[in-house]
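Atoms within each ligand, like the ligands themselves, are counted from 1 in listed order.
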Amino acid sequence: MSVRIKKAVFPVAGLGTRFLPATKTVPKEMLPIIDRPLIQYAVDEAIEAGCDTLIFITNRYKHAVADYFDKAYELEQKLERAGKTEQLEQIRHVLPKGVRAVFVTQTEALGLGHAVLCAKPIVGDEPFAVLLPDDLIWNRGDGALKQMADLNEASGASVIAVEDVPHEKTGSYGIVATDKFDGRKGHITQIVEKPKPEDAPSDLAVVGRYVLSPKIFELLESTGTGAGGEIQLTDAIAQLLTSEQVDAFRFEGTRFDCGTHLGLVEATVRFALENPKLAGPAREVMQKMLAE
Ligand code: G1P
C-alpha cells in the first residue's frame, strides 16, 4: 500500500499553434467542449481521483486559465440577484470547496519534462499525477485517473496510461514495451519518445495521464534535451525504470485527442450525445447534415 495521490500537475504553458488564430488570445486549454473548457474536464477527473491540490504550470500569457479558476465575485452577485441559481452553482463548482489551485510560471518553454519539474517545490516527496488536458478521456464509470490512482495506492508503482495506436502513428507519442499484461496492466521495460515506426518497440502509446513517484524530479534535474530538442518526461521515466517499477495501464474509457481539430470535433459530438438536453436535437441536426 502506498499513500493516495493528492496533487495533480497540469502543464498548460504550450502555445497551441494548431488552433491559431483562436489561440492568439484564448489558450487551447480554454477551448470549450459544449459549455466547459478542456481544462475543466481534466480538473474534474483529478478531483474525482482524490486530488485536492491542482498545480498549473503556465506561462506569462496565460492569464485566462488563472482567471477562470479565480472567484468571480461580481458575476456571482449578479447571478444571485437574478435568481439564476443553476448558473451560480455551475461557476461556484469550477473549483469545489476544499480544492486549491496553485500557479507556477514556466519561464522558458523547455519541454514537458521541464514543465513537470517546475512543480517540484509544491509536490515535495509524494507520488503525484500529471494530466495533459489535450487528452480528454471520457468514461461512464470511474475516470481514468481514479483507476490509475487506485492501482498506485495498491501497488506503490508509478502508473502510465497507454493505448494501442496505428503503427504509422508511433512518431506522435511516447511508446512503451512491457512484460506480458496482467489484465489491464503490464510492467514497462522500455519507453521511447516519438520513435519512427521502424524503431518503435511496440504500438502501445503513452496517453496524457501519469501517476509518478517523486523520484522523477531528481531524474528530471539531470535529463538533457531529447526528441524535438526538449527536456522530455519520457526520458526521465526511462531512467526511473532502472530503479523502480513503472506500470503501463490500459485504462477503461475513450480518449479524444483534443490537440487536433478532428479530436475536438469528436469530443464535441460525444459530449453533445451524452447531454440530456442536447442529445435529441444534436442527433437530428447530425442526421440531417449527413443526409445532405
Ligand atoms: C506528450 C508526451 C508523449 C505522449 C503524449 C500524449 O507529447 O511527450 O510521450 O505520448 O503527450 O498525448 P505531446 O503530445 O505533448 O507532443
Side-chain angles (χ1 to χ4, degrees), residues 8-19 23 27-29 31 38-39 41-42 45-46 56-59 62 106 108-119 129-138 144-145 148 158-178 188 190-197 199-212 216 219-220 223-241 246-251 253-264 266-267:
V9 177
F10 302 85
V12 291
L15 290 176
T17 45
R18 280 212 191 124
F19 289 102
T23 46
K28 68 174 170 175
E29 297 78 15
L31 296 175
L38 266 179
I39 188 73
Y41 290 87
E45 193 185 322
F56 299 92
I57 312 299
T58 63
N59 64 33
K62 295 236 176 147
Q106 184 186 15
E108 286 176 283
L110 298 180
L112 178 59
H114 179 255
V116 171
L117 182 56
C118 291
V130 177
L131 296 96
L132 309 186
D134 278 9
D135 281 333
L136 199 174
I137 303 182
W138 168 78
L145 191 70
M148 296 166 70
S158 296
V159 186
I160 297 176
V162 295
E163 73 177 9
D164 294 284
V165 294
H167 186 58
E168 65 279 8
K169 294 269 173 72
T170 59
S172 303
Y173 298 95
I175 299 289
V176 301
T178 64
I188 300 184
Q190 195 192 349
I191 183 166
V192 265
E193 181 67 6
K194 305 197 170 113
K196 289 191 203 122
D199 301 328
S202 77
D203 295 342
L204 206 51
V206 173
V207 167
R209 298 291 182 277
Y210 310 74
V211 175
L212 295 171
I216 200 77
L219 298 169
L220 279 168
T223 300
T225 50
E230 300 192 330
I231 297 176
Q232 295 292 351
L233 181 59
T234 299
D235 294 342
I237 296 170
Q239 285 301 311
L240 187 63
L241 289 181
V246 183
D247 290 333
F249 179 65
R250 280 195 170 103
F251 56 93
T254 308
R255 175 188 72 118
F256 300 106
D257 180 0
C258 293
T260 66
H261 296 164
L262 186 61
L264 204 67
E266 264 185 286

Exercise for the section: State which residues pass side-chain contact (heavy atoms from CB on, under 4.5 Å) with Ser202; sequence neighbours excluded, sorted by chain then number. Expected result: Ile175, Leu204
Practice task
Could you check whether the rings of Phe256 and Trp138 sit parallel, tilted or perpendicular, using 30° and 60° as the cut-offs?
Solution key: tilted
Fill in the blank from the handout: For ligand 1, protein residues within the heavy-atom limit of under 4.0 Å are Leu112, Leu132, Asp135, Tyr173, Gly174, Glu193, Lys194, Val206, Gly208, Tyr210, Gln232, Thr234
Exercise for the section: Give the C-alpha distance, both sets of side-chain angles, the deciding distance and a yes or no for side-chain contact (heavy atoms from CB on, under 4.5 Å) between Asn59 and Val12. Expected result: CA-CA 8 Å; Asn59 64 33; Val12 291; over 6 Å; no
Could you list the donor-acceptor pairs under 3.5 angstrom formed between side-chain atoms of residues 223-239 and any protein atom two or more places apart in sequence or on another chain?
{"unit_1": "Thr223", "atom_1": "OG1", "unit_2": "Leu219", "atom_2": "O", "d": "2.7"}
{"unit_1": "Gln232", "atom_1": "NE2", "unit_2": "Ala227", "atom_2": "O", "d": "2.8"}
{"unit_1": "Thr234", "atom_1": "OG1", "unit_2": "Glu193", "atom_2": "OE1", "d": "2.5"}

Taking only distance into account, with no hydrogens and no angle test, what donor-acceptor pairs under 3.5 Å do side-chain atoms of residues 159-168 form with protein atoms, sequence neighbours excluded?
{"unit_1": "Glu163", "atom_1": "OE2", "unit_2": "Arg255", "atom_2": "NE", "d": "2.9"}
{"unit_1": "Glu163", "atom_1": "OE2", "unit_2": "Arg255", "atom_2": "NH2", "d": "3.3"}
{"unit_1": "Asp164", "atom_1": "OD1", "unit_2": "Arg250", "atom_2": "NH2", "d": "3.3"}
{"unit_1": "Asp164", "atom_1": "OD2", "unit_2": "Arg250", "atom_2": "NE", "d": "3.2"}
{"unit_1": "Asp164", "atom_1": "OD2", "unit_2": "Arg250", "atom_2": "NH2", "d": "3.1"}
{"unit_1": "His167", "atom_1": "ND1", "unit_2": "Asp203", "atom_2": "OD1", "d": "2.7"}
{"unit_1": "His167", "atom_1": "NE2", "unit_2": "Pro197", "atom_2": "O", "d": "3.3"}

Problem - Beyond-backbone contact of Asp247 with Ser158, side-chain heavy atoms, under 4.5 angstrom - result: no
